[in-house]
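To find a chain, count down the sequence lines: A is the first, B the second, and so on, and within it residues start at 1.
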Number of protein chains: 2
Amino acid sequence: MQMIEPQRTAAHRRLIEAQAEIFKALGHPSRLLMVEELTRGERCVCELQALVGSDVSTVSKHLSILKGAGVVRDEKRGANVYYSLVLGCVRSFLECTGRHIDQAAQDLSQDLARLAALRSGD
Amino acid sequence: MQMIEPQRTAAHRRLIEAQAEIFKALGHPSRLLMVEELTRGERCVCELQALVGSDVSTVSKHLSILKGAGVVRDEKRGANVYYSLVLGCVRSFLECTGRHIDQAAQDLSQDLARLAALRSGD
DNA sequence: GGAGTATTTGGCGAAACATGCAAATGATTG
DNA sequence: CAATCATTTGCATGTTTCGCCAAATACTCC
């Protein structure tokens with residue numbers, strides 16, 4: 001039995017949806033900030049709340065979205081809940097996107113400089 | 001001059017926002033499907049539309065979101081517009097999340113099996 | 001067990017997003 | 001240049017997400 005057009009199977013669609021959920025979870029500044037902090041080690045909700053500055057309930061909901069997507073896990077210890085990163089490869093992807101954005105900004109300012117030079121030249 | 005608490009600078013906030021925009025752009029099944037297709041080479045809008053099956057206008061809007069986030073670029077050639085992947089590291093991250101999701105599914109079914117065994121045991 | 005701290009949940013209004021249709025734009029071909 | 005094809009844009013609508021508040025829950029310390 002051979003798999004024809006694997007990209008159209010139901011299994012593939014489910015995988016894409018699960019992956020999209022991961023991206024969606026990471027696609028919010030507060031959540032991404034927290035995840036970045038978690039690349040340095042586990043943190044309790046209160047620490048993450050101090051980091052992002054929103055209401056605790058908002059932070060808690062953000063964290064539950066990240067957990068639902070399988071990006072982080074939580075562990076209750078005493079009165080606190082500690083969150084930690086599960087999806088380690090976020091770290092390297094963040095580094096890559098960081099470089100990418102820096103490069104884009106550099107390219108942009110070079111283009112602007114060229115444009116200015118051209119304008120003053122004629 | 002020393003940089004104190006770099007994670008709170010305006011520059012860092014801007015970076016996080018740009019990165020979050022990338023994740024958000026990827027956080028939609030249709031967009032992710034198209035990006036995955038683009039990891040195999042450039043495609044015109046019509047090909048991508050055939051892939052995802054939505055209205056062409058919807059597909060075009062999705063593509064403009066991906067372009068705005070710096071994930072893809074477009075190039076007009078003749079009557080067609082060809083999109084191609086700019087952010088190459090998406091590929092490896094997709095592989096990683098794919099493995100991660102497979103693993104999670106496996107763990108889940110093992111847990112269920114254990115639970116069933118336990119139940120039939122008592 | 002009562003006060004205080006940490007976290008989650010429910011609810012609600014505002015803002016953002018997704019989608020399809022219709023219309024506009026741009027290129028090709030006869 | 002009229003007809004057609006590929007793509008984008010404007011608009012209307014339904015859906016989702018965000019962020020706060022208030023209330024519920026869970027734990028610790030006296």
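- D:dT8 atom C1' lies 11 Å from atom CG of B:Asp74, rounded to whole Å.
- Rounded to whole Å, the distance from CG on B:Leu66 to P on D:dT7 is 16 Å.
- Residues from residues 42-49 of chain A with heavy atoms under 4.0 angstrom of DNA chain C, sorted by number: A:Cys44, A:Val45, A:Cys46.
- The two residues A:His100 and B:Gly70 have their closest heavy-atom pair at CE1-O, 3.1 Å.
- Remark: side-chain polar atoms of A:Glu75 are not paired, donor with acceptor, to backbone N or O of A:Val81 under 3.5 angstrom.
- For the atom pair B:Ser54 OG and B:Gln49 CD, the distance stands at 8.0 Å (nearest 0.5 Å).
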Margin query: I need a per-nucleotide contact map over nucleotides 19-27 of chain D, read 5' to 3'. Cutoff is protein heavy atoms under 4.0 Å; write B for the base, S for backbone only, - otherwise.
Written below: SBBB---SS
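- Residues B:Tyr82 and B:Val56 do not share a hydrophobic cluster, defined by chaining ILVMFWY side chains whose heavy atoms lie under 4.5 Å apart.
- Residue contacts for A:Lys24: at a heavy-atom cut-off of 4.0 Å it reaches the sugar-phosphate backbone alone, with no base atom in range.
- Taking the 5' to 3' direction, DNA chain C first and last meets chain B under 4.0 angstrom from a heavy atom at C:dC17 to C:dT28.
- Between B:Tyr83 and D:dT8 there is a side-chain polar atom (N or O) within less than 4.0 angstrom of OP1 or OP2.
- A:Glu36 and B:His12 form a side-chain donor-acceptor contact under 3.5 Å, judged by distance and modelled atom types alone.
- Salt bridge absent: B:Arg99 and B:Asp102 never bring a charged side-chain N and a carboxylate O closer than 4.0 Å.
- Taking all atoms of both residues into account, the shortest heavy-atom contact from B:Pro29 to A:Ala20 is N-CB, 3.8 Å.
- The two atoms that bring A:Leu66 and A:Leu26 nearest to each other are CD2-CD2, 4.2 Å, heavy atoms only.
- Between B:Phe93 and B:Phe23, the two ring planes are perpendicular [angle over 60°; tilted spans 30° to 60°].
- A:His28 has its side chain out of reach of B:Lys24: every pair of non-hydrogen atoms, C-beta onward, lies at least 4.5 Å apart.
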